[in-house]
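Each chain gets a letter, A, B and so on, in the order the sequences are listed, and its residues count up from 1.
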Number of protein chains: 2
Amino acid sequence: MTISEAESAIMECLWQGAPRTAEDILAEVAPRQGWQEGTVKSLLNRLLKKKAIKAERDGRRYLYTPLLSREKYVSQESKGLLDRLFGGRVAPLVAHFSEQRKLSKKDIAELRRLLEELDDEH
Amino acid sequence: MTISEAESAIMECLWQGAPRTAEDILAEVAPRQGWQEGTVKSLLNRLLKKKAIKAERDGRRYLYTPLLSREKYVSQESKGLLDRLFGGRVAPLVAHFSEQRKLSKKDIAELRRLLEELDDEH
DNA sequence: AAAAAAGGTTTACACACGTAAACAATATGG
DNA sequence: CCATATTGTTTACGTGTGTAAACCTTTTTT
């Protein structure tokens with residue numbers, strides 16, 4: 001089952017810190033996204049149905065916790081894109097951004113460091 | 001307007017070589033995707049409506065040509081993912097794959113070459 | 001000429017998504 | 001106790017998507 005973009009906004013909030021109450025999530029996410037209360041409620045329910053989060057009762061309310069990890073989600077999404085557009089390989093993706101001049105100084109520095117690390121690991 | 005995943009299969013075919021007839025596209029794409037004729041026809045029409053392709057009459061049939069370039073499409077998609085998941089920066093994405101041990105020897109070699117090139121450009 | 005094939009155009013239908021209101025149950029303040 | 005607020009559950013509705021059949025014209029075949 002897939003997490004939609006709207007749903008992922010809720011997930012981001014939960015990944016940032018869980019468990020959280022619906023109230024918290026609402027306060028955090030709704031203004032930024034321009035959503036009404038009902039929207040957040042619906043998304044929480046869809047996420048529950050998809051087993052991407054769980055809810056434990058805490059008195060009269062629920063505490064929501066992610067079941068799907070951000071790592072896993074990011075992996076899925078990234079792999080999907082890579083496979084669809086770059087033959088499943090990372091270098092062509094970086095080359096693409098390089099061609100588009102979308103590599104910042106910082107990116108370049110970090111990539112250098114990364115490659116060095118990979119060296120060290122032997 | 002966005003190109004859906006199914007639609008992008010048609011686009012890939014056209015990016016590979018255009019213009020093409022519907023027949024060509026059908027022969028190329030349908031078996032691979034397990035699609036019926038009607039499916040391909042529908043997708044062509046949706047792409048026309050979205051102005052992602054154009055059709056010029058050639059006798060009794062049409063020749064289809066992309067209007068949206070692969071470059072542009074790839075850029076949009078990649079930027080979307082990067083923004084949503086990696087704060088819009090490339091290095092964290094590469095780091096992610098690195099952590100997951102998803103960098104092949106070839107990737108690493110290519111990334112090295114790329115970074116050297118960037119050096120040379122000064 | 002009637003039938004069939006080829007090719008394009010329209011319509012269909014179920015399901016996901018974005019968005020949200022309506023409703024229900026329960027707790028709380030007056 | 002009753003009205004109100006809180007919180008969760010159900011229902012809704014327009015649009016996009018995946019998938020495809022139905023239909024209409026124009027050629028080709030028999």
Note: contacts of residues 6-22 of chain B with DNA chain C (heavy atom, under 4.0 Å) are B:A22
Atom pairs, N/O to N/O, protein against nucleotides 2-6 of chain D, distance under 3.5 Å?
unit_1 : atom_1 : unit_2 : atom_2 : d
D:dT6  : O2     : A:R60  : NH2    : 3.1

Distance col, row B:L111:CG vs A:L114:CG, nearest 0.5 angstrom, shows 9.0 Å
Nearest heavy-atom approach of B:R57 to B:Y62 is NH1-OH, 3.0 Å
Expected list for residues 31-48 of chain A near DNA chain D, using heavy atoms below 4.0 Å, is A:E37, A:K41, A:N45, A:R46
Taking five pairs at each terminus, the helix from C:dA1-D:dT30 to C:dG30-D:dC1 shows an axis bend, to 10°, of 30°
Next item on the list: Count the heavy atoms belonging to other residues, nucleotides or ligands that lie under 6.0 Å from NZ of A:K54, then report whether that count exceeds 12.
Entry: no
When every non-hydrogen atom of B:I53 is compared with those of B:M11, the smallest separation belongs to CG2-SD, 3.4 Å
CD (B:E77) and CG (B:L81) are apart, to the nearest 0.5 Å, by 9.0 Å
(message) Is any side-chain heavy atom of B:V74 closer than 4.5 Å to one of B:S69?
(response) no
First and last nt of DNA chain C near chain B, cut-off under 4.0 Å to heavy atoms, 5' to 3', are C:dA6 to C:dA12
Distance col, row B:L26:CG vs B:R20:CZ, nearest 0.5 angstrom, shows 12.0 Å
So CG of A:L85 and CZ of B:R70: to nearest 0.5 Å the spacing works out to 6.0 Å
Taken to the nearest whole Å, CG/B:L26 to P/D:dA20 is 12 Å
Between the CZ atom in A:R89 and the CD atom in B:E110, the distance rounded to the nearest 0.5 Å is 4.5 Å
- Item | Pairwise side-chain contact, A:L93 with B:F97, heavy-atom cut-off 4.5 Å (strictly under) | no
Expected list for residues 63-79 of chain B near DNA chain D, using heavy atoms below 4.0 Å, is none
Hey, mind stepping through A:T65 and A:L14 against side-chain contact (heavy atoms from CB on, under 4.5 Å) and telling me if it holds? CA-CA 7 Å; A:T65 312; A:L14 286 173; over 6 Å; no
| Within a reach of under 6.0 Å around CZ of B:R101, are more than 12 heavy atoms found that belong to other residues, nucleotides or ligands? | no
For B:G88 and B:D83 the tightest heavy-atom approach is CA-OD1, 3.2 Å
| request: Determine, for B:R112 against A:D119, whether the closest basic-nitrogen to carboxylate-oxygen distance falls under 4.0 angstrom. | output: yes
Is it true that A:S42 and A:N45 share a donor-acceptor pair across their side chains at a distance under 3.5 Å? no
Task: Salt-bridge criterion met for A:R113 and A:E117 (N-O under 4.0 Å) - done: yes
Query - Phosphate OP1/OP2 of D:dT17: any B:K50 side-chain N/O under 4.0 Å - result: yes
**Message:** Under the criterion side-chain contact (heavy atoms from CB on, under 4.5 Å), I'd like the reasoning laid out for A:L47 against A:I3: C-alpha separation, chi angles, the key distance, then a yes or no.
**Reply:** CA-CA 8 Å; A:L47 286 168; A:I3 304 303; 3.9 Å; yes
